[in-house]
Amino acid sequence: ENRIVYLITPTYVRQTQVVDLTRVGQTLRLAREAGYHHRLYWIILEDATSCTHRVRQLALETGVPFAHMAIQTPLAVKRRPKAHRGLEQRNAGLDIVEQIGKDGVVYFMDDDNAYHIQLFHELAYTTHVSVFGTGLPGGSAYERCHVDERTGKVDKLLTTWEAPRTFAVDMAGFAFATHHLARNRANGKDMRFNHASKSGYLENDLMLFAARTVPELEPLAANCTRILAWHVKTKGNDLYYNPEPNKERFNLYK
Ligand code: UDP
């Protein structure tokens, strides 16, 4: 296995951006150095009008090949309190994956979560649509897929939020093979996120471009019994005192 694992990461300016990206970046550096047989490719999309030096620097330090682009969320979307966040950026990331056109796996790696390096190794085994557990999603300790011991297939998606979704999976809990992008394109369909998706349905609606039923999902991470990705909400300080006037350098302010 030597497939490319495309990691799509939206990021935006806030007090905790540098600490979050440092954590994610150092995980990637470690994943690369661990020498598993995967090839990581990091796609970083800044929700901004232009790319910043500090994000580029953090990406360079990982040693992982990367693409770095700025795509700003339209103001009209930003103003809508319930609009999906990071959508334009993730879609731009999918554009890049399609343009590169090399076979691999797509994973949406938000900039503020924590990841075990084993995850990147596992992702490379995705040939269709893979699923795995995530720790600390809103309101529970974890959510994960359940595998029928007899058939070895996913039979349930265990989650606390019981909306009638086909795929009750979190953004950090699935990956898909790039051939789905090409196949949808050939059928005249854009496999992209859409603001028309209901709240909480973003993942489900994208996965429906690639799969129809739960049992066809590929369970990773020891049949979904290991958690390799966790939600993290880094708390920013309410900084009001700036010891130095150079805001950009330390990224303390919004
Ligand atoms: N994000 C962004 N622009 C925004 C808000 C969020 O690009 O205005 C990115 C953020 O950096 C993260 C992803 O979108 O990579 C998901 O955002 P967040 O973690 O805040 O969402 P949550 O996981 O809390 O729903």
Side-chain angles (χ1 to χ4, degrees), residues 7-12 14 16 20 23-24 27 77 80-87 89-91 105-120 122-123 125-126 128-176 180 191-236:
L7 304 166
I8 297 182
T9 303
T11 187
Y12 71 109
R14 59 195 185 278
T16 58
D20 285 338
R23 182 175 50 223
V24 165
T27 302
V77 175
R80 289 209 309 271
K82 283 194 173 165
H84 299 294
R85 304 288 161 204
L87 185 144
Q89 292 73 25
R90 292 191 189 103
N91 282 348
V105 178
V106 175
Y107 180 63
F108 298 104
M109 186 178 73
D110 283 358
D111 68 346
D112 56 344
N113 294 338
Y115 306 91
H116 192 297
I117 58 170
Q118 175 77 14
L119 176 67
F120 306 105
E122 302 255 341
L123 288 174
Y125 291 100
T126 306
H128 178 34
V129 180
S130 61
V131 281
F132 32 90
T134 52
L136 308 173
S140 62
Y142 64 85
E143 57 184 36
R144 69 180 190 94
C145 34
H146 183 269
V147 176
D148 182 322
E149 276 180 32
R150 196 176 46 82
T151 62
K153 291 194 180 301
V154 179
D155 58 359
K156 270 187 296 238
L157 297 165
L158 306 173
T159 170
T160 41
W161 189 53
E162 290 291 349
R165 298 171 284 175
T166 308
F167 301 120
V169 178
D170 179 85
M171 194 62 79
F174 78 99
F176 65 91
H180 287 299
M191 185 178 175
R192 295 293 185 270
F193 292 106
N194 198 313
H195 277 296
S197 285
K198 283 195 277 180
S199 172
Y201 277 69
L202 214 50
E203 299 87 340
N204 174 73
D205 294 354
L206 190 84
M207 288 169 80
L208 284 171
F209 280 99
R212 288 182 178 280
T213 64
V214 168
E216 69 188 86
L217 301 175
E218 305 168 292
L220 296 182
N223 275 342
C224 300
T225 58
R226 283 194 70 191
I227 300 290
L228 301 174
W230 295 262
H231 279 259
V232 177
K233 261 276 168 265
T234 313
K235 191 179 176 309

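All values derive from a computational prediction rather than experimental measurement.
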Point-to-point distance, once rounded to the nearest 0.5 Å, from CD of E143 to CZ of F132: 12.0 Å

Sub-4.5 Å side-chain heavy-atom contact between R80 and H195: yes

Test side-chain contact (heavy atoms from CB on, under 4.5 Å) applied to K156 - qualifying residues, sequence neighbours left out: H146, L158

CZ/R150: more than 12 non-hydrogen atoms of other groups inside 6.0 Å: no

Steps toward side-chain contact (heavy atoms from CB on, under 4.5 Å) verdict (H116, W230): CA-CA 9 Å; H116 192 297; W230 295 262; 4.2 Å; yes

Exceeds 12 heavy-atom contacts within 6.0 angstrom, atom OH of Y142: no

F193: partners by ring pair (Phe, Tyr, Trp, His ring centres under 6.0 Å), with sequence neighbours left out: F108

For E203, side-chain hydrogen bond (donor to acceptor under 3.5 Å, both in side chains) partners two or more places apart: none

Test side-chain hydrogen bond (donor to acceptor under 3.5 Å, both in side chains) applied to T151 - qualifying residues, sequence neighbours left out: none

Shortest non-hydrogen separation from A210 to V129 and the atoms involved: CB-CG2, 3.6 Å

Side-chain touch R85/Y12, heavy atoms, less than 4.5 angstrom: no

Counterpart residues, salt bridge (charged side-chain N to carboxylate O under 4.0 Å, His left out), relative to D111 (two or more places apart): R14

Main-chain N/O of K153 paired to D148 side chain as donor or acceptor, under 3.5 Å: no

Any residue meeting salt bridge (charged side-chain N to carboxylate O under 4.0 Å, His left out) with K198, in chain and number order, not counting sequence neighbours: none

Test item: T225 and R144 side chains (from C-beta on) under 4.5 Å apart, heavy atoms: yes

Partners passing side-chain hydrogen bond (donor to acceptor under 3.5 Å, both in side chains) against S130 (at least two apart in sequence or in another chain): T126

Chi angles and distances behind the side-chain contact (heavy atoms from CB on, under 4.5 Å) call for F174, L206: CA-CA 11 Å; F174 78 99; L206 190 84; 4.2 Å; yes

Closest non-hydrogen atom pair between L87 and L202, with its separation: CD1-CD1, 3.9 Å

All ring pair (Phe, Tyr, Trp, His ring centres under 6.0 Å) counterparts of H180, not counting sequence neighbours: H128

Separation between CG of N91 and CE of M191, rounded to the nearest 0.5 Å: 10.5 Å

Contacts of R23 that satisfy side-chain contact (heavy atoms from CB on, under 4.5 Å) - sequence neighbours left out: D20, V232, T234

Criterion side-chain contact (heavy atoms from CB on, under 4.5 Å) on M171 and R90, from CA distance to verdict: CA-CA 11 Å; M171 194 62 79; R90 292 191 189 103; 3.6 Å; yes

Side-chain touch L123/L7, heavy atoms, less than 4.5 angstrom: yes

Qualifying residues under side-chain hydrogen bond (donor to acceptor under 3.5 Å, both in side chains), relative to S197, sequence neighbours excluded: D205

Taking every non-hydrogen atom, the tightest pair across P10 and Q89: CB-CB, 3.6 Å

Shortest non-hydrogen contact from P219 toward G152: CG-O, 4.3 Å

Nearest heavy-atom neighbours spanning V131 and C224: O-SG, 3.7 Å

Residues forming a side-chain contact (heavy atoms from CB on, under 4.5 Å) with T160, sequence neighbours excluded: S140

Separation between CD of E218 and CD of E216, rounded to the nearest 0.5 Å: 9.5 Å

Side chains of D112 and T16 in contact at under 4.5 Å (non-hydrogen atoms): no

Closest heavy-atom pair and its distance - G200, W161: O-CZ3, 3.6 Å

Test side-chain contact (heavy atoms from CB on, under 4.5 Å) applied to L157 and R165, step by step: CA-CA 10 Å; L157 297 165; R165 298 171 284 175; over 6 Å; no

Contacts of type side-chain contact (heavy atoms from CB on, under 4.5 Å), residue Y115, not counting sequence neighbours: V24, T27, Y107, M109, D110, N113, L119, F120, A229

